[in-house]
Amino acid sequence: MNLQISDKFVGLRDLSIIWLTRASEAPVDQVLSIPRDQLLIAENEVLVGDFFIPKAPETFLEYIHTRDRHFQQAAMLFPTKDGQRYAPSKFKKRLKSLFENARISNPSNTPADLTPAEYQALQNLRFAIQRPCYQSKLAVALCVYLGLRPSEVAKLIKEDLDFGNRAIRLRDTKSQENQVLPMLALFVEPLQRYVTHLPADRDPLFICSAGTIWTRRHVNHAIAEWGKEQGYTRRLTPRILRASLGAMLSRARVEPALIAKILRHRDPATALRHYNFREIEEARTVLEDLSNLSHATENATYIQEFQKYYDQLEGEE
Amino acid sequence: MFPSTSELPSDLAKKLADFRLYLTVRRDRTQATADAYIHDSMTYIRYFAEKIDDSLEAFTITPEHVLGFSDWLKQKKLSRATIERRLIGLNRFWKFLYRMKHVAHPPVALDDLDIMIKKARNATQPLCQDDFTHIRKVIKSELANIR
């Protein structure tokens, strides 16, 4: 499991413990002792041990999803990263750290004693906890669906997203100019939700844990890690995803000039040079048919068909 | 040795600064491109200081030096693309210095120097259609989880 998922797991776990402690009014020790098999979830209603809670928050559901995916063997509902029992003393230390992150001064000692404002401040940490994973998904999606280059992904800021015109602006691209891409429908809602967490227009979409803006290396790393998590043995890179998009467009018989526009090649000949799958595939079809006919060369009719295909080939050349 | 131009003798540092200006203004190259050419030139300067004259007082570029530089780069086990990149950058610097009359020997093309570096680069192979379609489907559903 990579660090990103590990941190996400820990963060969501602790927020979930805080929620369940308050919702069930049970002490932390008891919540941390709940075995995994005492959890039942049905349509967001939760039965945990002796506690029934009518509506589980997304934080908890997301936590359960992450835990089930990466900690199938852990016996407890809230295990450590290593799948072991989570000690209350360790949780207390983590809680202190969460209070600091949420800038809660003079916090209460236990989750049950938190004021509503303090509790909400902790829950608001959810985006910060999940942001690294969100960033990876966004980076992959931008490369897969729009063929962005890694530096173009890394440079995106909130005000580059024009929801009114459904466009994404790319600044200072490889072609040394600003460019505009369509914001496809699948991007609109996720990006709108994502940017609600970014207060300033010039806030970057992609940052490291230290708060610095991503570079293209971070984009490359995020995509490679995502591919590994999905089980791909071949290392995924933005370049491969961009080339795959070009190939897909070519196979779909999109004209090279339009492919060049979509992929923003300065020279349309680049698209012709790299994505001529259509011509290759058409040639393959013709040649495969030739192979099928070659077994009947003694038959005069087939010889005529042969000639017709050769003429066609010559004509294409 | 010489991690930056500020550590060079002042006349050589000035030549590099003029070269940068030449690239960005006269040749309309981006800063990134100019940085790359300067880096290539600095690599040659490092070679010159290491193998020919550590004071750099006799700094110059000749075909023999370029051949020596090429061999020096190969010994460092750099990739073919990197070696070619350095030599092309150096050639550009050489042309500039010759034009400004800072070196006596006119630049010689790599081909004429009989330097050959086989290109090992292959075109990026896209994913097969099925894999790419699957990735598109997976990432589309994962985007929906962003809250």
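Order of the sequence lines fixes the chain letters, A, B, ..., with proteins taken first and strands second; residue numbering starts at 1 for each chain.
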Which portion of A:L241 sits near chain B, non-hydrogen atoms under 4.5 angstrom: both
Interatomic spacing from CD in B:Q129 to CE in A:M248 - rounded to 0.5 Å: 6.5 Å
Neighbour count above 12 (heavy atom, 6.0 Å) for A:R171 CZ: yes
Chain B contact via A:R131 - side chain, backbone, both or neither, heavy atoms under 4.5 Å: neither
Residue pair A:R239 / B:T124: nearest heavy atoms and the distance that separates them: CD-OG1, 2.9 Å
Which atoms of A:E189 approach chain B - backbone, side chain, both or neither, heavy atom under 4.5 Å: neither
Which portion of A:H197 sits near chain B, non-hydrogen atoms under 4.5 angstrom: side chain
Spatial distance of atom CZ (A:R193) from atom CG (B:L143) [nearest 0.5 Å]: 9.0 Å
Straight-line distance of B:F132 CZ to A:I240 CD1, nearest 0.5 Å: 11.0 Å
Side chains of B:L127 and A:R234 in contact at under 4.5 Å (non-hydrogen atoms): yes
Segment of A:E58 engaging chain B (4.5 angstrom heavy-atom cut-off): side chain
Side chain to side chain, A:Q230 and B:E142, heavy atoms closer than 4.5 Å: yes
Side chain A:S244, main chain B:P126, donor-acceptor under 3.5 Å: no
Nearest-0.5 Å distance that lies between atom CD1 in B:I146 and atom CD in A:Q130: 10.0 Å
Part of A:F127 lying under 4.5 Å from any heavy atom of chain B: side chain
Heavy-atom pair of closest approach, residues A:Y232 and B:I135: OH-CG1, 3.2 Å
Nearest heavy-atom neighbours spanning B:I139 and A:V144: CG2-CG1, 4.5 Å
Gap separating the CG atom of A:L61 from the CG atom of B:N145, nearest 0.5 angstrom: 11.5 Å
Flag, side chain of A:Y145 to backbone of B:R136, donor-acceptor distance under 3.5 Å: yes
B:K140 NZ: over 12 foreign heavy atoms closer than 6.0 Å: no
